[in-house]
Participant: 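Please find one structure pasted underneath; my questions will follow.
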Amino acid sequence: MVENSTITKALLEELRDFDTPLLANTIGYVSKAAPHEYYCGGDIQSVTPPLGPTVGVVFTAEIDSSTPGEAGDTALYWELLEMMRHCELPCVLVAKAVGSRPEHECLIGDGMAKTLYSVGCTGMVTDSRVRDIAGLISTPFAVYGRGRAVHHEALRFRHINRPVEISGVTFSKGDVVHADGNGVIRVPFDCLTRLTGAAVKNRAFEHEAHMFLRRTDKTPAEKREHVQALVGKYGFSDCVSGGEEER
């Protein structure tokens, strides 16, 4: 079960209708969180581009897949699967690689993906590499990580459901993740229930602004003036119009 009662299946389904950059932009207007607290860096990329957006509540794990010469230990993995099976909401596994050879970490392939998917987990965010891309896509199980690796050592699940840091962002059990081909964000709780309504308005602002910005018959000064007028209409801004002070 998820402790935060504001997270509902309907809310997660609504969030899937938006791309991740739009939500990241919108969070800046409806949350007190600083950007560095909720968006992952460019080192974390989709390795399953046809899939997404991926939205779900977080379960976490710390896994060693690279240290040589140690026996596997997956007891916590099976415990985690049982927890996910009893969760009423879509899940996302956020997995921290903790082995001694970071460049050789490979935390998931299509076998684990199929098992995770069967208990309601639709994707993974990780600072490791992954393999079996075709199998991940066909499952379908979306993965966001540092690229591909062909193999791994025996898997050792060290901890589950403790806070983990991925690309500068701390994820805890019960957080909400939103990810697509552009990247990964953690949705701050303080804006969760207001985010979809605000995102609808921000999407309208961006659409109207972008139509004007595309035009070749308008000068840069005219474009800036027009977008600043839209700031007053919608209450949102782009990053270069001069409307940052309106926030």
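The first residue in the sequence is number 1, and the count goes up from there.
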Participant: In terms of hydrophobic clustering (I, L, V, M, F, W, Y; side-chain heavy atoms under 4.5 Å; direct or indirect links), are Val169 and Val92 co-clustered?
Facilitator: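 Same cluster: Val169 reaches Val92 through Ile, Leu, Val, Met, Phe, Trp or Tyr contacts under 4.5 Å.
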
Participant: Are there more than 12 heavy atoms of other residues, nucleotides or ligands under 6.0 Å from atom CD of Glu70?
Facilitator: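 Yes, enclosed.
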
Participant: Within the structure provided, determine whether Met84 and Leu93 are in side-chain contact (heavy-atom separation under 4.5 Å).
Facilitator: yes

Participant: For Val30, does its backbone N or O pair with a side-chain atom of Arg194 as donor and acceptor, under 3.5 Å?
Facilitator: yes

Participant: Hey, what do you get for OH (Tyr234) to OH (Tyr29), rounding to the nearest 0.5 Å?
Facilitator: 14.0 Å

Participant: Distance check, rounded to the nearest 0.5 Å: Arg85 atom CZ versus Glu82 atom CD?
Facilitator: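 Between atom CZ of Arg85 and atom CD of Glu82 there are 4.5 Å.
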
Participant: Check for a donor-acceptor pair, side chain of Thr126 on one end and backbone N or O of Ala95 on the other, with a separation under 3.5 Å.
Facilitator: yes

Participant: Are Ile166 and Val98 linked, directly or through intermediate hydrophobic residues, by side-chain heavy-atom contacts shorter than 4.5 Å (ILVMFWY only)?
Facilitator: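 No: no chain of side-chain contacts under 4.5 Å links Val98 to Ile166.
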
Participant: Please report the shortest heavy-atom distance between Val187 and Ile27, naming the atom on each side.
Facilitator: CA-CD1, 4.4 Å

Participant: Are His151 and Arg131 close enough that some pair of their side-chain heavy atoms sits under 4.5 Å apart?
Facilitator: yes

Participant: Between Thr122 and Val55, which heavy-atom pair has the shortest distance, and what is it?
Facilitator: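 Reported closest heavy-atom pair: OG1-O, 4.2 Å.
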
Participant: Compare every heavy atom of Leu107 with every heavy atom of Met124, then report the nearest pair and how far apart it is.
Facilitator: CE-O, 4.5 Å

Participant: Between the side chain of Arg156 and the main-chain N/O of Thr67, is any donor-acceptor distance below 3.5 Å?
Facilitator: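 Flag set: sc Arg156 to bb Thr67 pair under 3.5 Å.
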
Participant: Where do Glu208 and Leu230 come nearest, in terms of heavy atoms and distance?
Facilitator: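 Result for this residue pair: OE2-CD2, 3.4 Å.
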
Participant: Does Arg186 form a side-chain contact (heavy atoms from CB on, under 4.5 Å) with Val94? I'd like the steps, not just the answer.
Facilitator: CA-CA 11 Å; Arg186 176 187 59 81; Val94 179; over 6 Å; no

Participant: Can you tell me how the ring of Phe157 sits relative to the ring of Tyr77, calling it parallel under 30°, perpendicular over 60° and tilted otherwise?
Facilitator: tilted

Participant: I'd like to know if Tyr38 and Leu15 are part of one continuous hydrophobic network [Ile/Leu/Val/Met/Phe/Trp/Tyr, side-chain heavy atoms within less than 4.5 Å].
Facilitator: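 Yes: a chain of side-chain contacts under 4.5 Å links Leu15 to Tyr38.
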
Participant: Determine, using the 4.5 Å side-chain heavy-atom cutoff (strictly less than), whether Phe171 and Val57 are members of one ILVMFWY cluster.
Facilitator: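 No, no single cluster joins them.
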
Participant: Got a donor-acceptor contact below 3.5 angstrom from the Asp132 side chain to the Asp110 backbone?
Facilitator: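 At least one qualifying donor-acceptor pair exists.
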
Participant: Evaluate side-chain contact (heavy atoms from CB on, under 4.5 Å) for Val227 paired with Phe212, printing each intermediate quantity in order.
Facilitator: CA-CA 8 Å; Val227 174; Phe212 198 84; 5.6 Å; no

Participant: Step through the shown structure and confirm whether more than 12 heavy atoms of other residues, nucleotides or ligands are within 6.0 Å of CZ on Arg158.
Facilitator: yes

Participant: Strictly distance-based, threshold 3.5 Å: is any side-chain N or O of Ser66 a donor or acceptor partner for the main-chain N or O of Arg101?
Facilitator: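 Answer holds: yes.
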
Participant: Hey, mind stepping through Asp43 and Ser167 against side-chain hydrogen bond (donor to acceptor under 3.5 Å, both in side chains) and telling me if it holds?
Facilitator: CA-CA 7 Å; Asp43 54 324; Ser167 188; 2.7 Å; yes

Participant: Would you say the side chain of Leu81 lies within less than 4.5 Å of the side chain of Leu116, judging by non-hydrogen atoms?
Facilitator: yes

Participant: Sequence neighbours excluded, which residues qualify as ring pair (Phe, Tyr, Trp, His ring centres under 6.0 Å) partners of His104?
Facilitator: none

Participant: Would you name the heavy atoms of Phe189 and Gly174 that are closest together and state the gap between them?
Facilitator: CZ-O, 3.2 Å

Participant: With no hydrogens and no angle check, is any side-chain donor or acceptor of Ser31 less than 3.5 Å from a backbone partner on Asp190?
Facilitator: no

Participant: Do Asn161 and Met83 make a side-chain contact, defined as non-hydrogen atoms from C-beta onward lying under 4.5 Å apart?
Facilitator: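 A side-chain contact under 4.5 Å exists here.
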
Participant: Hey, is Lys96 close enough to Glu165 for a salt bridge, meaning N to O under 4.0 Å?
Facilitator: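 Result for this pair is yes, salt bridge flagged.
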
Participant: Is a side-chain N or O of Thr60 found less than 3.5 angstrom from the main chain of Pro163, in a donor-acceptor match?
Facilitator: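 Side chain of Thr60 to backbone of Pro163: no pair is present.
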
Participant: Closer than 3.5 angstrom, by distance alone: can the side chain of Asp180 be matched with the main-chain N or O of Thr20 as a donor-acceptor pair?
Facilitator: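 Yes; at least one donor-acceptor contact below 3.5 Å.
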
Participant: Under a 3.5 Å threshold, yes or no: a donor from one side chain and an acceptor from the other, between Tyr144 and Thr54?
Facilitator: yes

Participant: Roughly how far apart are Cys40 SG and Asn182 CG, rounded to 0.5 Å?
Facilitator: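 CG of Asn182 is found 13.0 Å from SG of Cys40.
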
Participant: Would Glu14 and Leu11 satisfy side-chain contact (heavy atoms from CB on, under 4.5 Å), going step by step from the backbone distance to the final call?
Facilitator: CA-CA 5 Å; Glu14 289 178 353; Leu11 176 59; 4.2 Å; yes

Participant: Which heavy atom in Cys106 sits nearest to a heavy atom in Ser65, and how many Å separate them?
Facilitator: N-OG, 2.8 Å

Participant: Can you check whether Arg129's main-chain N or O pairs, donor with acceptor, with Glu105's side chain at less than 3.5 Å?
Facilitator: no

Participant: With sequence neighbours left out, write down each residue that passes side-chain contact (heavy atoms from CB on, under 4.5 Å) with Phe18, or none if nothing qualifies.
Facilitator: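 Counting only residues at least two positions away or on another chain, Phe18 forms a side-chain contact (heavy atoms from CB on, under 4.5 Å) with Leu22, Leu23, Thr196, Ala199, Val200, Arg203.
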
Participant: Rounded to the nearest 0.5 Å, how far apart are CG of Leu136 and OG1 of Thr48?
Facilitator: 6.5 Å

Participant: Starting from Val184, can I reach Val47 by hopping between I/L/V/M/F/W/Y residues whose side chains sit under 4.5 Å apart?
Facilitator: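 No: no chain of side-chain contacts under 4.5 Å links Val47 to Val184.
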
Participant: If you count the non-hydrogen atoms of other residues, nucleotides and ligands that lie under 6.0 Å from NZ in Lys201, is the total more than 12?
Facilitator: no

Participant: Working to the nearest 0.5 angstrom, can you tell me the gap between His210 NE2 and Leu213 CG?
Facilitator: 6.0 Å

Participant: Is the shortest side-chain N to carboxylate O distance from Glu103 to Arg146 below 4.0 Å?
Facilitator: yes

Participant: Please round to the nearest 0.5 Å and tell me the distance separating atom NZ of Lys223 and atom CZ of Arg215.
Facilitator: 9.0 Å

